[in-house]
Each structure stands twice: as structure tokens, then as C-alpha cells.
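Below you'll find the structure, written out as C-alpha cells, and then a few comments.
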Amino acid sequence: MLFEKGTGIGKNVMNNLLKLHFEKVGLQTSVQDFGRIGHQASGVPVGGAMDQKSMKRANLLVGNPLDTPVLEITLLGPRIRMEGSGVIAIAGADLSAQINGKRLLLNQLIKVEDGDILKFGRPKRGCRAYLAVGGEWLLPEWLGSRSAAFYLPDATPESIPTKGSTIGIRAWEGHQLSEISWLDGEEVPEYSIRVLPGPEFDTFSRVEVAHFFSQQYEVSNDSNRMGYRLEADVKIEGKRKELISSAVVPGTIQITSAGNPIILMRDAQTTGGYHRILNVIEEDLNKIAQMKAREKLRFSICKSSNPFKLLT
Amino acid sequence: MKIQAFGESALLIEFEQKISKDIHQQVMTCKEWIRKNIQSGITFLTPAYCSLCLGFDRQLWQAKELAQYIYSGFDQNVITEKQVGRVLRIPVCYELAPDREALEDQLGLDWTTFVEKHTASTYQVYMLGFLPGFPYMGILDAALQCKRKRNPRKQVPAQSVAIAGLQTGIYPMDAPGGWQLIGQTPMPILDIYTEQQFLFQVGDQVKFYSIDPEEFDLLKDAFRKGHWNWEECYE
């Protein structure tokens, strides 16, 4: 286990403008918050930070309300030049963050000054890092959220940084640091993901269910903010009745017609037509967000939650 | 009606699993009933053809409590809201139809007949999904029933009108897609710069009418410049 020290602050509000200049954007860097909840009836994905636990922790460190936007940084990070000063913190994946070439620790409050260069190196652990900046993010909202809508870039143009773009923050500087110690997850040979039965769980045979839970799955390269595709030796390809499309939620596990599972993630569409075998519990969805292609996982059914079925 | 837990903070309410106006009326009545009778802690409601997904605050409600409350208070046989949805008239240029020839072959229809049949029905918006603002409309004339494309297109242009199975829909934005493309509307069906943003709501009634490429260009221009009275599309 990695035992890291973090810091919390009592904040000393000093409004000044901190600008993040993107000299490089990295693999996939976007602004995320808790997403847009309540627009599913219009077909709008919920969106939001993939690992919400790390997003909250990063915000806590810099003294922000926990729903303040953060920068979600995927595997290969951006290079950001700071104009102005403020405080930042990084939580989640260890993507070898550095300020002016000096290595940064995760879960620490860090002061940045005008001209500082924040960049990232080799991904060491996890998949997504969260950069919080103390203050108010000056970005337009769409449907109550600043989360990047990749499917409609015009709706949130400033939430999807591009080379040469800038994000402004009315920043504050913190002092009076108090210590927080957190246990961060570590790379494991195999993740264990807890699930609940989904709406079509009963349409799978006992043998199929037994296969599903006995085998190990590998995260496919074709995995992203919309969904994680999984591969395994035994496919669940029994002939099934076609379904009439119905709602899905982040965490729903569908079995495709080819018999492979897909775990729907935050940017997943709001409706689907595949059989919904299971739902990942919300806490473990954050864990999946830190998994990279080719990593391995197994599922375990959550017994304590007492799922129920009522019929009339 | 069957209610089951769907993950930790949602319920799935399922009605008879078939596509029909009557069943959808039950879905919409249930949605209204929940809105009126459960005042707090509902985070979202996603209606579909014959199901309704209800998100709830699990700090406030337990799935079982909510389910029992709905079972005991809501009667699916009493359709209180005879909702006659809005009626929208949507112009379509059927000459901008990339899949015309394939469909003429597959269905054994000439294009004039195809257009007559597609414009003859009034469709109901059963669900929005797949993309923000994408309306799933039905029920298509059985003579127009076709399969999805075997190889989905990487990029379907925004405002393409499409069909698949017994459904018809419109792409709100450029996106990959596997439906057969039968025309294009000059109307933006998702416009983030207007207050309403989404042209369609679940429950709307939709009628298509045919326009030629010249009218298409004129209307497209009018929409772009904002010289269009939106009221004109409501009957």
C-alpha cells in the first residue's frame, strides 16, 4: 500500500486571476465536475469525472467546494504554463507530475507561481489524474455542468482544452496547512469489482452466470469514457430475446450480441438495447476509471445489499 | 407493472414489453404520478417505450420503500393524463437520401411511394436517447420496415432523417450511426443557443412533409439567420 501525506487548508481568500495555458494537451484532458444529472429524458449523458472520489479529494486539498470542476488527465498528461499564482493539488493516478522539472507528490497542496510549468511524464499507477485549482473556474456551463461534452463540442468548448487554449480561474491562495493521510489504491494483478444483479439478470442461465463470475476479464483497448469493453475466454453468447430499448445508467454491464460485456461509464448514452446483466456499485465505478487497457478484473456479487424483486 | 432495483440509486419500472401508444401512455402517466406524488429526492426520470427509470437520492430513500409506495399508490389502468402531445410538422428533403437505392431494392418500392408512406403517418416520440435530442419515433408503416446497415457509417451528418425496424429518427448532430438515411431536415433539432435547446419531448406527435432541395436551402438559411418562427412547426 502506498501511504501518502496530504494537506488541507484554512483558506486565505485572495482573488487573483490564474490562467492555465495549454502548451500541450496530452492524450485526453478535459474539465469535469459531477456531470449533468436530470437531463437523461432528453438523451443527455450524465458525464462527469470518471473517478469522483479522486476529484473530491483534489478539491478538498485546495479548499474548494467538492463539486468544483477539475481537470481530468488521462495517461499522458498536458503541459501547462501558469500565468498568475494559486494553489493546486493532484489526486488519482500517478502520472509523474512535475513542476519546473521537479517531481510532485500526489495528494499535496502545492503553491504555483507565475511562469511555472506543470507537466507529466510516464504513467506509473492508475489511468486518470485529477488536477484541482483553488478558486472559481471561469467557464460557461451547459445544462448545469462544466463537464466536457465530447459528443457536442460546441456546448462546452472551453472544457476541452486544445493546444494554445487557456482556462481562467479566480484563484485563492491557501495557508494554515493541516495534514491529511490517505491510502491510495495500488496496482494489483487483478481487480475485484462488486456488482448487483441487473434488470435482465434472470434471463441468463445458471451456467452462463457461473461462467461469468468464474472467469477473469481483460480491459480491451477499445475502452473510454463511454464504456469499458471486456474480453474473456468464454463468451456469454446464448441466443436471447431481442429487447425493446430502455434506460441504462453509468455502471450498467451489458452483454453484446457477440457475448462480450461492456461496462457503461459516465459518458454512456442514456438508453440501450442489450441485456443488462449487472450493475457495478458506485464506489467501484471509480476503481474501474483507474484501470488501463489489458488490466484484469473479476466480478463478485454484492450480497450485503439485499437486492430485491417485487412482482404484481 | 414490475418494479426492480437498478443499481444502488435507481428503479426500473417495466410495463408490458411491447411498442404501443397505450403502453407508452401508462409510462407517461406513471412519470406524472411520480412527479406529483414524490416531492423530493428524485434525481432523474428516463421514460422509454415501455419502461421508466427513476433515479433517487439514496441518502433519503431506499429502493424498496419507493417501489412499495409506487405499487400501492399508482394504478396503471387509470390513465389520468390523456396527454395529447404537441403536434410538430417537420420539413424533410427526401432527395438528400444516401440510402435511397438500397432501400428501393430492399423494400421493392419506388421512391415516390416511399415518401408518400413516410409522410402519411403521424408518429409518436417514444423516447429520446442514443444521442442528446435523438427522437425514437414510431410506428413506421410495415411496408417501410428495414434492417440497420450491416456496417454502420462512421459519420452521419446532423439532421439526417433515418429509419430502422419500425422506427424513424433524426440525428441531432454529426455522429456514427447504423440507421438507413432517407432524407434531411433543415431544422436544427438540437440548438444550444436557444432556450429550449431540444426540439422534441417524449410524447410529441410528429408529421413529416416533403420539400425540394431549393426549399431546403431557403429554410436552412432562415434557421441559420434566426428568421424562422418556431411556432410554425407546431400544429
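Proteins get letters first, then strands, A, B, ... in listed order; numbering begins at 1 in each.
- When the shell of 6.0 Å around CD of B/Gln196 is examined, it contains more than 12 heavy atoms from other residues, nucleotides or ligands.
- In this structure, chain A has a heavy atom under 4.5 Å from the side chain of B/Tyr193, while its backbone stays farther away.
- Listed for the B/Gln17 side chain is no donor-acceptor partner under 3.5 Å among the backbone atoms of A/Leu243.
- Results of the side-chain contact (heavy atoms from CB on, under 4.5 Å) test with A/Ser42 over B/Val202, B/Leu190, B/Leu128 single out B/Leu128 as the only residue that passes.
- Counting heavy-atom pairs under 4.5 Å between each of A/Leu278, A/Ile37, A/Leu143, A/Ile281 and chain B puts A/Ile281 at the top.
- Using a 4.5 Å heavy-atom cutoff, the side chains of A/Thr270 and B/Phe44 are not in contact.
- Heavy-atom minimum distance, B/Gly129 versus A/Thr271: CA-OG1, 3.5 Å.
- Among the candidates B/Ala48, B/Ala10, B/Pro132, the residue making the largest number of heavy-atom pairs closer than 4.5 Å to chain A is B/Pro132.
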For a side chain to side chain contact (heavy atoms under 4.5 Å, CB included) check, start with the C-alpha distance between A/Trp142 and B/Gln197, then their side-chain angles and the critical distance, and finish with the verdict.
CA-CA 11 Å; A/Trp142 179 55; B/Gln197 303 205 28; 2.6 Å; yes

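- Of the atoms belonging to B/Ile42, not a single heavy atom falls under 4.5 Å from chain A.
- Side-chain contact between B/Leu131 and A/Gln269 is absent, with no heavy-atom pair separated by less than 4.5 Å.
- Both the backbone and the side chain of B/Phe130 come within contact range of chain A, with heavy atoms under 4.5 Å apart.
- Note that OH of B/Tyr126 and CD1 of A/Ile244 are 10.5 Å apart. Values are rounded to the nearest 0.5 Å.
- Here the OG atom belonging to A/Ser246 is positioned 11.5 Å from the OH atom belonging to B/Tyr49, to the nearest 0.5 angstrom.
- Heavy atoms from other residues, nucleotides or ligands lying under 6.0 Å from NZ of A/Lys163 number 12 at most.
- Interatomic distance, A/Leu196 CG to B/Gln4 CD, rounded to the nearest 0.5 Å: 12.0 Å.
- For A/Lys287, the NZ atom sits in a packed shell: over 12 heavy atoms of surrounding residues, nucleotides or ligands are nearer than 6.0 Å.
- Within the 4.5 Å cutoff, side-chain heavy atoms of B/Phe6 are placed close to those of A/Arg276.
- Close approach to chain B, defined as a heavy atom under 4.5 Å from one of its heavy atoms, is seen in A/Gly43, A/Val44, A/Pro45 of residues 43-55 of chain A, taken by number.
- Within the model, atoms CG of B/Leu12 and CD of A/Glu200 stand 7.5 Å from one another, a figure rounded to the nearest 0.5 Å.
- In this structure, the portion of B/Leu45 lying under 4.5 Å from any heavy atom of chain A is its backbone and not its side chain.
- Among the residues in residues 145-159 of chain A, those with a non-hydrogen atom closer than 4.5 angstrom to a non-hydrogen atom of chain B are A/Tyr151, A/Leu152, A/Asp154, A/Ala155.
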